[in-house]
Asks: 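I'd like to ask some things about the structure below.
Counting starts at 1 for both ligands and their atoms, following the listed order.
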Amino acid sequence: MELNFVSSFLLIAPWFLLTFLSYAETSTYIIHMNKSIFPQVFTSHHDWFKSTIHSIKSKTLVLDDHDHDQQLPKQSQKKLVYAYDNAMYGFSAVLSSNELENLNNMDGFVSVYQDRTATLDTTHTFEFLSLDSPSGLWHASNFGEDIIVGVIDSGVWPESQSFQDDGMTEKIPSKWKGACEGGQEFNASMCNFKLIGARYFNKGVIASNPDVTTIMNSARDSVGHGTHTSSTVAGNYVNEASYFGYAKGVARGIAPKARLAIYKVNWEEGLLASDVLAGMDQAIVDGVDVISISMGFDDVPLYEDPIAIASFAAMEKGIVVSSSAGNLGPYLGTLHNGIPWLITVAAGTIDRTFGTLVLGNGQNIIGWTLFASNATLVENLPLVYNKTLSSCNSVRLLSRVNKQVVILCDDKSMSNSKSVSQQINVVAETGVLGAVFVSDNPDLIDPRHLYSPIIVIKPKDAKSVINYAKRHENPTASIKFQQTYVGIKPAPVAAHYTSRGPSLSFPWILKPDIMAPGSRVLAAYVPNKPSARIGTNVFLSSDYNFMTGTSMACPHASGVAALLKSAHPQWSAAAIRSALVTTANPMDNTQNPIRDSAYPSQHASPLAIGAGEIDPNRAMNPGLIYDATPQDYVNFLCGLKFTKNQILTITRSSSYDCENPSLDLNYPSFIDFYSSKTRSKIRKFKRTVTNVGDGAATYRAKVTHPKGCLVTVSPDILNFSYKNEKQSYYIVIKYVMYKKENVSFGDLVWIEDGEAYTVRSPILVASSEMI
Ligand SMILES: *[C@@H]1O[C@H](CO)[C@@H](O)[C@H](O)[C@H]1NC(C)=O
Ligand SMILES: *[C@@H]1O[C@H](CO)[C@@H](O)[C@H](O)[C@H]1NC(C)=O
Ligand SMILES: *[C@@H]1O[C@H](CO)[C@@H](O)[C@H](O)[C@H]1NC(C)=O
Ligand SMILES: *[C@@H]1O[C@H](CO)[C@@H](O)[C@H](O)[C@H]1NC(C)=O
Ligand SMILES: *[C@@H]1O[C@H](CO)[C@@H](O)[C@H](O)[C@H]1NC(C)=O
């Protein structure tokens, strides 16, 4: 199944390979410059950058004026792709390797790296956060009114009901400086009081392949991803939204009154760092409050990661950036966006499923199907279960049976047994009408495979179906479609696919931060692309579609961040993240620790779920927050011995110093590594908490020790006498050789005496050899 996952989000890869082959001599590079030495002779940064490029090229070609450019080979004429002044300081340009060498000698040069491809965090194709409580965050934040969320994605389908502005006030916040750009099939008048901005950035894609034809050259979404994520963050209320009758109800975003600004950087033709930087650069000047970005760059150091670089600038301005952890789970160390100044979101399941299997004896079994037809196709048909057929691995054998049956596919004893998805394909090919498949992990089944009238049930339910089929002389079964069940237990469960920490680019902080719903999220979709298939040749579109991935989890967190920003306008990005982390729920709806669908017998570790499932209403009143200033992040980078250039790449030319290097960042969680050869190790962390409760309060520390560790907290009582008072404490984690597990975890919870607030931080200790 991993293969299926990987191939679905690497569909764009072959195109990139081609690009690299045909333009091997030149590439787009991203160049960071030192803003402090901007030469006053230039009237703009743009002019300086152009001049820099010109001088590199002339040095290389020994041709020193414009006229000669005419005779140059096409590739040498390439120029500035983008100038950046907000998300980073510098530019992107198409350069040859010779030209690249000359860069080093240019005044103000800081660093350079090649443009690179981002990974989109959706694997396949779909809520339960208690926001509707009358005293909850929705009401406290007035549903996110006056907050602008910038979505960096594949654009938007402006006609979707989710982006209409019914009920939105006409008072767009005065700080808004964005625009609605017209383009192919996108009229500038398509924006409104909900969708207040739409822009697109594809110069990077074009620079990397000048012959490319852009399929949709505007902010219009042609793939569905951006429409889905934008409507998840801040879609308006839409009655009777459903996917072919499934999950029918009022669709709405997490912050239904927030405004949306769309930055399209993800193209069918490619997804490049230079375009992502341009989109974030613009979002920052346009005046967004929250940036939602469901994509990431794998295997890049922090100082070459466009999202890390751009989100630092955003964080300085108080903009909250929420990002997806990636879909390369369940393996450890697969996470991207493990960046200290943004929110990294993991994906979990929700408590919802669809469809029922009804046996002839009246037994009802809730299963999982998304078959897009309401026809009663599978009604009281003979139920077939036998050793030869039920392995469902042979088209030849199955073709011989009567088509008007329901076949139960469940036989794992055969050496050549197939995966459930393969079995589904086999059955579909034979034209057998109904089928029942058995899997304890519906996450593994791509809904696009549910194109025939079938249902998936859990192994624990399969037993009674088998017993019934064996013991009855004429067993029959029916499958009911378009039924929605909520309250399924346990939920949430960490999704199989969600990428796991630690962050390889930056392992010193615990990532992901939190988990949010990511599996089978229903949200707006594009009508130009089929979202369902019946049989082999009937394709249907739907305005709402289920999608799955950390891409879908991220906009849930972005929406909650927007609500928090509205309820607490003075809070920093770090304060908002702290509130989300310390109030997250580590328990599922059975009141047991959240499980991991990749390892069903295990509790999910903070490397999978961070502090746990996002809990918006509790995040509104966290009691204490762990705040951090931009200089605190820099102190941390200094403590880790990042070079001056690496730090400047991230901070641009702002006035940060390395006078107080520190190995402690005031982060709301703890992570430490040991070598398996170490007998014991002691690590001390200092933390400062700010009392954001109503006034005087006393908090007591309660520790759950990770296995193999002894954790002490001092002081273990914190007395606050007024609001916004700060208090510090030390936590010492003493690890004593523990060979049984490579990862162990616990937590520190500050409990307020009246129990009005509990402030929880996960603690994780891991073997450094494991990653
Ligand atoms: C944009 O839409 C407006 C209103 O529907 C219309 O008057 C105008 O002609 C359109 N412009 C373009 C370029 O299509
Ligand atoms: C089934 O779907 C079709 C097409 O969407 C619709 O016209 C019909 O009324 C539906 N039938 C039932 C029984 O819901
Ligand atoms: C950037 O320029 C300023 C002013 O010349 C200089 O002090 C600083 O060291 C430079 N930074 C780097 C990383 O080169
Ligand atoms: C904090 O308050 C508690 C209860 O009011 C009191 O017993 C304790 O001595 C105080 N601790 C400090 C350090 O002030
Ligand atoms: C811990 O990790 C090491 C290195 O990957 C591995 O050999 C060992 O089996 C792991 N131990 C446990 C208990 O998982």
Side-chain angles (χ1 to χ4, degrees), residues 28-60 80-93 95 97-116 273-274 276-278 280-281 284-285 297 300-317 339-342 505-506 508 628-663 665:
T28 309
Y29 291 90
I30 295 171
I31 296 109
H32 288 257
M33 300 289 279
N34 188 343
K35 195 170 184 172
S36 320
I37 64 157
F38 170 66
Q40 296 302 326
V41 296
F42 293 105
T43 51
S44 72
H45 302 298
H46 195 269
D47 289 346
W48 184 29
F49 301 151
K50 276 180 106 164
S51 161
T52 304
I53 295 169
H54 188 72
S55 5
I56 306 168
K57 291 194 181 273
S58 26
K59 273 191 190 161
T60 313
L80 191 63
V81 177
Y82 289 108
Y84 307 103
D85 187 19
N86 304 288
M88 61 167 270
Y89 188 71
F91 57 94
S92 46
L95 301 175
S97 48
N98 287 338
E99 291 164 344
L100 189 64
E101 277 169 30
N102 287 321
L103 254 183
N104 284 307
N105 310 320
M106 292 288 149
D107 287 343
F109 169 76
V110 177
S111 66
V112 61
Y113 45 90
Q114 203 170 342
D115 204 357
R116 46 170 63 98
S274 51
V276 171
L277 275 168
M280 291 185 78
D281 199 69
I284 294 168
V285 257
F297 292 85
V300 281
L302 205 62
Y303 46 84
E304 290 190 9
D305 181 339
I307 298 180
I309 292 163
S311 61
F312 188 91
M315 173 272 298
E316 286 178 302
K317 293 199 152 59
I339 298 162
W341 39 86
L342 53 64
S505 72
F506 205 82
W508 304 280
T629 64
Q631 180 69 54
D632 290 339
Y633 292 112
V634 175
N635 292 345
F636 191 44
L637 298 179
C638 299
L640 289 164
K641 305 222 162 27
F642 274 56
T643 67
K644 218 173 139 185
N645 265 3
Q646 289 167 348
I647 293 175
L648 189 70
T649 298
I650 295 167
T651 59
R652 307 176 316 289
S653 62
S654 317
S655 49
Y656 297 105
D657 60 59
C658 256
E659 279 162 24
N660 297 299
S662 163
L663 284 172
L665 175 66

Asks: Does a sphere of radius 6.0 Å around NZ in K50 hold more than 12 heavy atoms from other residues, nucleotides or ligands, not counting ones at 6.0 Å or beyond?
Replies: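 At most 12 heavy atoms, drawn from other residues, nucleotides or ligands, come within 6.0 Å of this atom.
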Asks: So if I count the atoms of ligand 3 from 1 in the order they appear, which ones are less than 4.0 Å from some heavy atom of S36?
Replies: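 Going through ligand 3 atom by atom, the ones under 4.0 Å from S36 are 2 (O), 3 (C), 4 (C).
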Asks: Nearest non-hydrogen atom to atom 4 (C) of ligand 3 belongs to which of I647, I37, T649?
Replies: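 Ranked by closest heavy atom to atom 4 (C) of ligand 3, first place is I37.
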Asks: So does D657 have more than 12 non-hydrogen atoms from other groups sitting under 6.0 Å from CG?
Replies: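 More than 12 within 6.0 Å, yes.
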Asks: Give the intermediate values and the outcome of salt bridge (Lys or Arg N to Asp or Glu O under 4.0 Å) for residues K35 and D85.
Replies: CA-CA 9 Å; K35 195 170 184 172; D85 187 19; 2.9 Å; yes
Asks: Give the numbers and elements of all ligand 3 atoms closer than 4.0 Å to a heavy atom of K644.
Replies: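 Listed by number with element, the hits are 9 (O).
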Asks: Tell me, do W508 and L663 make a side-chain contact under 4.5 Å, heavy atoms counted?
Replies: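 No - every pair of side-chain heavy atoms lies 4.5 Å or more apart.
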Asks: For the pair N645 (side chain) and V110 (backbone), establish whether a donor and an acceptor sit closer than 3.5 Å, ignoring hydrogens and angles.
Replies: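 A pair under 3.5 Å: yes.
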Asks: In terms of atom number and element, which parts of ligand 3 are under 4.0 angstrom from non-hydrogen atoms of L648?
Replies: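 In order of numbering, the contacting atoms are 11 (N), 12 (C), 13 (C).
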Asks: Among all protein non-hydrogen atoms, which one is nearest to atom 13 (C) of ligand 3, and what is the separation to 0.1 Å?
Replies: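 Looking only at protein heavy atoms, the one closest to atom 13 (C) of ligand 3 is N645 OD1, 3.2 Å.
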Asks: What do you think, any protein heavy atom under 4.0 angstrom from atom 11 (N) of ligand 3?
Replies: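 Under 4.0 Å from atom 11 (N) of ligand 3, at least one protein heavy atom found.
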Asks: Considering only the protein, which heavy-atom contact is closest to atom 1 (C) of ligand 3, and what is its distance?
Replies: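 I find the closest protein heavy atom is N34 ND2, 1.4 Å.
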Asks: Is the backbone of Y29 close enough, under 3.5 Å, to the side chain of D115 for a donor and an acceptor to pair up by distance?
Replies: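 Judged by distance alone, no pair lies under 3.5 Å.
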